Amino acid sequence: MLSSDQGVKPLSSGEELMELAKRRGFLWPSFELYGGASGFYDFGPLGSTLKNKIVEKWREHFVRREDSLEIDSPTLTPEEVLRASGHLEHFVDLMSECGKCGQSFKISELVKERTGLDVEGKPREEVEALLEEKGITCPDCGGRLGKVLEFNTMFRTTIGPGGRKVGYLRPETAQGIFVDFRRLWRHGRERLPLPVAQIGKGYRNEISPRQGMIRLREFTMAELEVFFDPENPTHPSFGKVAGERLRLWRAEDEMKGEERMVEVSAREAVEKGMVCHQLMAYYLALTKRFLMDLGLPEERLRFREQTPGQRAHYSRETWDAEVRTERFGWVEVAGIAYRTDYDLSRHAEASGESLSVVLQPGKRKVVCHVVEPSFGIDRIFYCVLETAYLQGRKGLRFKKELSPLEVGVFPLLRRDGLPEKAREVAELLKQRGFWTEYDEAGSIGRRYARADEVGIPYCVTVDHRTLSDGTVTIRERETARQVRTPLEKLPSVLSSLLKDELRFEEAGTPLEEKEEGEEEEEGEEG
RNA sequence: GCGGCAGUGGUCUAGCCUGGUCUAGGACACAGGCUUGCCGAGCCUGUAGCGCGGGUUCGAAUCCCGCCUGCCGCACCA
């Protein structure tokens with residue numbers, strides 16, 4: 001079952017989508033005025049709204065419904081925190097690749113092995129000279145090692161005057177949660193599992209960011225750290241998701257070179273030992289529901305288990321949620337990692353403070369283990385945008401409630417008091433919480449077309465009848481059909497339509513294609 | 001980071017090879033006006049560009065160098 005099925009429509013070129021995104025205010029290259037900077041993107045006005053809506057959906061799924069505690073901690077992080085977490089050791093490294101066989105190596109380990117010297121933290125030039133001097137060659141084939149690359153993916157800076165205190169922009173939001181653990185434990189009334197969320201920017205100084213939004217140097221991540229009792233890795237609400245079907249690509253199959261998917265329910269995944277425990281499976285299922293709620297098609301989702309070599313230093317088991325895109329193939333949009341007690345133990349050790357807790361019945365003292373679902377919001381944003389592009393025959397088609405503009409309000413003509421009335425209607429809708437755009441430029445057809453392009457699902461038009469009987473027309477993007485609805489019912493009707501709780505035919509009385517009658521006959525007008 | 005290709009208003013593009021006639025032309029888009037009685041109609045007016053920096057030359061969008069950005073391949077993505 002290799003993925004050979006065709007997309008809804010081919011991406012004529014990824015460029016066309018990006019051109020639309022740029023032109024209509026979704027994405028702009030950052031710092032363009034000064035030539036731009038690779039690995040950064042600005043969200044334009046519509047992009048910002050869309051991104052916020054995605055984040056809000058995440059919050060709904062992973063915070064509000066789950067009774068998670070959400071915090072917001074600094075992005076700039078003192079060095080000792082990231083030393084304790086292992087990031088200093090694992091993010092900052094010197095690498096070199098063999099000129100002959102192409103294999104790349106961590107220099108610090110190689111040098112230590114061969115000479116016993118510790119070059120951790122030494123400048124690049126010095127290490128390069130050392131390699132030459134000691135005649136260190138490729139351990140695989142004996143070939144000459146090429147240039148030493150600085151593999152420093154954390155942005156370093158100093159805090160306060162004097163430049164003595166070193167800090168880094170955080171590579172993940174998680175550490176802000178771990179260091180707050182004791183307060184969170186108390187705030188959460190000393191109960192497990194304890195899910196804690198954080199949404200915010202993360203930074204990685206990628207060596208060469210490519211693929212647009214897929215690899216950024218600054219990105220928004222949404223993370224949940226779920227603390228639990230290692231002797232009881234269950235979730236009280238597991239029953240609600242136990243039947244959710246999961247498409248899994250297991251590490252053992254990947255390591256055999258087989259792209260073999262297994263489709264099982266969340267419950268089966270645990271029972272058959274495919275996923276390490278119930279809590280992991282619970283969040284896999286929740287992740288799937290979240291992604292589908294953004295309008296991503298089920299057949300384009302899968303979970304891929306990372307092989308031991310791919311896993312981060314803190315993880316014992318990791319499942320990546322992947323979305324198949326036209327432009328980039330399968331893209332990892334979330335990672336669900338079993339971090340064990342790695343972080344809490346490391347911070348306890350480094351800080352000298354105890355981070356264990358006492359579980360009341362039985363007074364058992366434990367260091368909590370952690371399951372971490374971690375989402376790349378920008379990548380999800382791209383997937384949502386691409387999906388909207390593929391599904392919108394003309395322009396974008398978002399899942400309605402996700403559309404950055406929900407309703408367009410137009411006067412049929414720019415006279416006879418129609419604009420004034422239409423502005424009133426737009427004002428009303430804005431007050432009722434709709435993302436509304438008022439437009440009176442050009443012909444009505446042009447406005448519909450503009451609205452279609454950015455995916456506005458419904459357009460309301462004010463015409464002469466509005467003035468006499470207080471009704472407006474609502475036009476549905478997908479079919480260009482129209483119904484006529486009284487103004488006083490408009491907010492509730494639109495709200496139901498946007499939530500897919502009301503069929504369009506039921507939103508009002510259908511509008512005849514052409515209001516029959518004398519067109520050519522009277523010929524005279526003022 | 002390495003190699004190849006490329007960069008002209010918001011978008012697409014003509015011009016570049018064979019420097020001057022380019023105070024850079026067109027289309028679409030956008031803004032204002034007229035018009036317009038339901039799906040990108042028309043007319044008028046307007047805004048706006050040679051990626052950045054340096055060099056060659058009497059003269060550079062055009063030739064040369066560096067940088068930036070993008071695309072493709074390699075590497076990297078803990």
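Order of the sequence lines fixes the chain letters, A, B, ..., with proteins taken first and strands second; residue numbering starts at 1 for each chain. Remember, it's a predicted structure, so these values are computed and weren't measured experimentally.
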S.K.: Among the nucleotides B:rC30, B:rG37, B:rU69, which one has an atom lying closest to any side-chain atom of A:R446?
M.R.: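 Closest nucleotide among those given: B:rC30.
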S.K.: For B:rG54 versus B:rG70, give the span between their C1' atoms, rounded off to a whole number of Å.
M.R.: 23 Å
S.K.: Pick the C1' atom in B:rG7 and in B:rC43, then give their distance to the nearest Å.
M.R.: 36 Å
S.K.: In terms of the angle between their ring planes, are A:H87 and A:H313 parallel, tilted or perpendicular, with boundaries placed at 30° and 60°?
M.R.: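 A:H87 and A:H313: perpendicular rings.
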S.K.: What contact category does A:Q482 fall into here, base, sugar-phosphate, or nothing, at under 4.0 angstrom with non-hydrogen atoms?
M.R.: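 Base contact - A:Q482 has a heavy atom under 4.0 Å of at least one base atom.
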S.K.: If I pick the C1' atom on B:rC30 and the same atom on B:rG9, what distance separates them, to the nearest angstrom?
M.R.: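 Between the two C1' atoms, the distance is 11 Å.
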S.K.: Looking at B:rG40, I'd like to know if its phosphate oxygens (OP1 or OP2) sit under 4.0 Å from a side-chain N or O belonging to A:S443.
M.R.: no
S.K.: Relative to the ring of A:H347, is the ring of A:F178 parallel (under 30°), tilted (30 to 60°) or perpendicular (over 60°)?
M.R.: tilted
S.K.: Searching all strands shown, indicate the nucleotide that pairs with B:rC77 (Watson-Crick or G-U wobble; both distances under 3.5 Å).
M.R.: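 By the stated definition (distances under 3.5 Å), nothing pairs with B:rC77.
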S.K.: Classify the ring geometry of A:Y203 against A:F155: parallel below 30°, tilted from 30° to 60°, perpendicular beyond 60°.
M.R.: perpendicular
S.K.: Which atom names give the shortest non-hydrogen contact between A:Q310 and A:R304, and what distance separates them?
M.R.: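 Closest pair (atom of A:Q310, atom of A:R304, distance): OE1-NH1, 3.0 Å.
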S.K.: Is A:E406 paired with A:K400 through a side-chain N to carboxylate O contact shorter than 4.0 Å?
M.R.: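 Looking at A:K400 and A:E406, the cut-off is not met.
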S.K.: Identify whether any heavy atom of A:T461 sits under 4.0 Å from a base atom; if not, whether one sits that close to sugar-phosphate; answer base, sugar-phosphate or nothing.
M.R.: base
S.K.: Can you tell which of B:rC71, B:rC38, B:rU36 lies closest to the side chain of A:T473?
M.R.: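 Taking heavy atoms from C-beta onward, the closest nucleotide is B:rC38.
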S.K.: Nearest whole angstrom, please: distance from the P of B:rC34 to the CG of A:L413.
M.R.: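 It works out to 13 Å between those atoms.
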S.K.: Under a 3.5 Å limit for both distances, which nucleotide forms a Watson-Crick or G-U wobble pair with B:rG10, could you say?
M.R.: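 Base-paired to B:rC28.
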S.K.: Under a 3.5 Å cut-off for both contacts, is B:rA48 paired Watson-Crick or G-U wobble with anything, and if yes, with which nucleotide?
M.R.: none
S.K.: Counting neighbours of CD on A:E349 that are heavy atoms of other residues, nucleotides or ligands and sit closer than 6.0 Å, is the number greater than 12?
M.R.: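 At most 12 heavy atoms, drawn from other residues, nucleotides or ligands, come within 6.0 Å of this atom.
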S.K.: Using atom C1' of each nucleotide, how far apart are B:rU13 and B:rA6 to the nearest Å?
M.R.: 15 Å
S.K.: Can you check the A:L418 CG to B:rU36 C1' distance for me, whole Å?
M.R.: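 After rounding, the gap between these two atoms is 12 Å.
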S.K.: Compare the minimum distances between each of B:rG37, B:rU11, B:rC77 and the side chain of A:D416, then state the nucleotide with the smallest one.
M.R.: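 Nearest to the side chain of A:D416 among the choices is B:rG37.
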S.K.: P atom, B:rA27 versus B:rG46: distance in rounded Å?
M.R.: 14 Å
S.K.: Do A:R23 side-chain and B:rC12 base share a donor-acceptor contact under 3.5 Å?
M.R.: no
S.K.: Taking only the C1' atom of each, what is the distance from B:rC22 to B:rA61 in whole angstrom?
M.R.: 9 Å
S.K.: With both distances under 3.5 angstrom, what nucleotide forms a Watson-Crick or G-U wobble pair with B:rU62?
M.R.: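 Looking at the geometry, B:rU62 pairs with no nucleotide.
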S.K.: For A:R24, is there an ion pair with A:E453 - N to carboxylate O distance below 4.0 angstrom?
M.R.: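 Judged by the 4.0 Å cut-off on N to carboxylate O distance, A:E453 and A:R24 do form a salt bridge.
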S.K.: Looking only at atom P, what distance separates B:rG19 and B:rC58, rounded to whole Å?
M.R.: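 Those two atoms are separated by 15 Å.
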S.K.: Rounding to an integer number of Å, can you tell me how far A:R24 CZ sits from B:rC12 P?
M.R.: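 That distance rounds to 15 Å.
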S.K.: For A:L20 and B:rC28, what is the distance between atoms CG and C1' respectively, to the nearest whole Å?
M.R.: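 Distance, rounded to whole Å: 15 Å.
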S.K.: Is any side-chain N of the basic residue among A:R250 and A:E254 closer than 4.0 Å to the acidic one's carboxylate O?
M.R.: no
S.K.: Assuming nearest nucleotide by heavy-atom distance, tell me which of A:G35 and A:R311 is located more 5' along RNA chain B.
M.R.: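 With A:G35 and A:R311 compared, the 5'-side residue is A:G35.
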S.K.: Side chain of A:R475 only, please: which of B:rC77, B:rG1, B:rC39 is the nearest?
M.R.: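 Comparing B:rC77, B:rG1, B:rC39 against the side chain of A:R475, the answer is B:rC39.
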S.K.: When you measure from the side-chain N and O atoms of A:R414 to the phosphate of B:rG33, is any distance below 4.0 Å, counting only OP1 and OP2?
M.R.: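 It does, given that an N or O in the side chain of A:R414 lies less than 4.0 Å from OP1 or OP2 of B:rG33.
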S.K.: Between B:rC38, B:rG1, B:rG37, which nucleotide has the shortest distance from any of its atoms to the side chain of A:I444?
M.R.: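 The listed nucleotide nearest to A:I444's side chain is B:rC38.
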S.K.: Could you check which nucleotide pairs with B:rG70 in any of the strands shown, counting Watson-Crick or G-U wobble with both distances under 3.5 Å?
M.R.: B:rC5
S.K.: Assess whether one donor atom and one acceptor atom, taken from the side chain of A:Y448 and the base of B:rC38, lie less than 3.5 Å apart.
M.R.: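 In this structure, the two groups form a donor-acceptor pair.
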S.K.: Side-chain N or O of A:R450 less than 4.0 angstrom from OP1 or OP2 on B:rC30?
M.R.: yes
S.K.: Rounded off to whole Å, could you give me the CD-to-P distance for the A:E206 and B:rA75 pair?
M.R.: 16 Å
S.K.: Which sits closer to the 5' end of RNA chain B, A:L412 or A:G212, going by the nucleotide each is nearest to?
M.R.: A:L412
S.K.: Given atom CD of A:E440 and atom P of B:rU36, what is their separation to the nearest angstrom?
M.R.: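 Rounded to the whole Å, the gap is 16 Å.
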S.K.: For B:rC43, which nucleotide is its Watson-Crick or G-U wobble mate, given both distances must be under 3.5 Å?
M.R.: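 Base partner found: B:rG33.
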S.K.: Checking only heavy atoms, does the side chain of A:D463 share a donor-acceptor pair with the base of B:rC38 at less than 3.5 Å?
M.R.: yes
S.K.: Answer with base, sugar-phosphate or nothing: what part of the nucleic acid does A:R210 contact at a heavy-atom distance below 4.0 Å?
M.R.: base
S.K.: With rounding to the closest Å, how many angstrom separate the P atoms on B:rU23 and B:rU62?
M.R.: 14 Å
S.K.: Which nucleotide sits closest to the side chain of A:R215: B:rA75, B:rC76, B:rG40?
M.R.: B:rC76
